[in-house]
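Below, chain A is the first sequence line, B the second, and so on; all start at residue 1.
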2 protein chains.
Amino acid sequence: MKNYDDLVAIFTGIDNPEEMEIFFREIFTPKELKDLTLRWQLLKELHEGRPQRKIAEKYHISLCKITRGSKILKNEPSITRAILDKYYGKKSRR
Amino acid sequence: MKNYDDLVAIFTGIDNPEEMEIFFREIFTPKELKDLTLRWQLLKELHEGRPQRKIAEKYHISLCKITRGSKILKNEPSITRAILDKYYGKKSRR
DNA sequence: TTAATTGTTTCTTTAAAGAGAAACAAGGAG
DNA sequence: CTCCTTGTTTCTCTTTAAAGAAACAATTAA
């Protein structure tokens with residue numbers, strides 16, 4: 001789809017963090033940004049090997065939401081896992 | 001916030017469209033991707049000067065959703081408007 | 001200045017997302 | 001093997017978001 005491809009290209013083309021940050025606040029709703037940052041936090045903790053139930057009670061969210069995240073990391077290949085490895089250190093798979 | 005800044009940095013750091021596309025599908029829900037592409041379409045049409053009511057009936061969405069979009073383009077400075085100008089041609093302001 | 005068009009905001013109703021609880025599955029430790 | 005921890009899925013119920021309609025404001029053209 002054209003719009004989707006355009007968006008991907010636009011995000012790819014922005015190489016300045018300040019610009020990206022403004023674009024984030026313009027193009028995403030406050031709720032989406034909140035969801036997205038929480039999701040990233042979950043992915044980080046899953047990546048570190050923390051049990052899903054611990055994460056669920058820590059953030060008061062339901063387990064089913066976390067299972068979704070864990071599937072991302074099990075994708076083969078998972079770009080997200082590669083990024084987590086790169087930014088926060090490689091972790092052993094489980 | 002650290003997670004948010006990290007995310008901005010990560011999106012900024014990806015310079016390959018294929019990688020970005022995979023990351024999109026991993027990190028966003030299907031609904032968010034659908035919402036995002038529709039939002040981009042609306043912004044494009046607003047940018048072209050199409051009346052909000054025309055857009056609303058075309059996509060069967062409510063006007064309040066569009067007004068939000070129009071505010072983005074009225075921001076000063078608006079990164080989104082700059083991007084639309086760059087990608088789809090500069091339009092006169094209204 | 002008046003009428004028509006367009007933009008913005010608010011309200012109510014409908015639809016969808018998420019929490020909470022619980023059941024079931026899978027793996028590991030004793 | 002049995003128990004315990006953890007992961008996954010399903011269900012119901014509550015909360016939240018979006019549509020639809022309508023009112024009001026702003027702008028433009030005659």
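Not one side-chain nitrogen or oxygen of A/Lys54 sits closer than 4.0 Å to the OP1 or OP2 atom of D/dG7.
Two residues, A/Leu63 and A/Asp35, neighbour DNA chain C, and the one matched to the more 5' nucleotide by heavy-atom proximity is A/Asp35. DNA chain C is contacted by both B/Cys64 and A/Cys64; B/Cys64 maps to the nucleotide lying nearer its 5′ end (nearest heavy atom per residue).
Aromatic ring pairs are classed by plane angle as parallel below 30°, tilted from 30° to 60° and perpendicular above 60°; the pair A/Trp40 and A/Tyr88 is tilted. Relative orientation of the B/Phe24 and A/Phe11 rings is perpendicular, given thresholds of 30° and 60° on the angle between their planes.
A salt bridge is defined here as a Lys NZ or Arg NE, NH1 or NH2 lying under 4.0 Å from an Asp or Glu carboxylate O, and B/Arg53 with B/Glu57 fails to meet this definition.
When the shell of 6.0 Å around NZ of A/Lys58 is examined, it contains more than 12 heavy atoms from other residues, nucleotides or ligands.
Side chains of A/Thr29 and B/Asp35 form no contact here, defined as non-hydrogen atoms less than 4.5 Å apart.
Between A/Ile61 atom CD1 and C/dA21 atom P there is a gap of 15 Å when expressed in whole angstrom units. As a whole-Å value, the separation of B/Glu57 CD from D/dA19 C1' is 15 Å. Between B/Leu42 atom CG and D/dA18 atom P there is a gap of 13 Å when expressed in whole angstrom units. Between the CZ atom of B/Arg53 and the C1' atom of C/dT8 there is a distance of 9 Å, given to the nearest Å. Here the C1' atom of nucleotide C/dA17 and the CZ atom of A/Arg39 are 12 Å apart, to the nearest Å. Rounded to an integer number of Å, the gap from CG of A/Leu46 to C1' of D/dT6 is 12 Å. Across the protein-nucleic acid pair, B/Glu32 atom CD and C/dG18 atom C1' stand 13 Å apart, rounded to whole Å. Following rounding to the nearest Å, B/His47 (NE2) and C/dG7 (P) show an atom-to-atom distance of 15 Å.
Checked against D/dA17, C/dT6, D/dT6, the side chain of A/Lys31 finds its nearest nucleotide in D/dA17. You'll find that the side chain of B/Ser70 is closest to C/dT8, out of D/dT9, C/dT8, C/dA16. Of the candidate nucleotides D/dA19, C/dG18, C/dT6, D/dA19 has the atom nearest to the side chain of B/Lys65. Closest approach to the A/Gln52 side chain among C/dG7, D/dT8, D/dA19 is made by D/dT8 (side chain taken as heavy atoms from C-beta onward).
B/Lys71 comes within contact range of the sugar-phosphate backbone alone, with a heavy-atom separation under 4.0 Å but no base atom that close.
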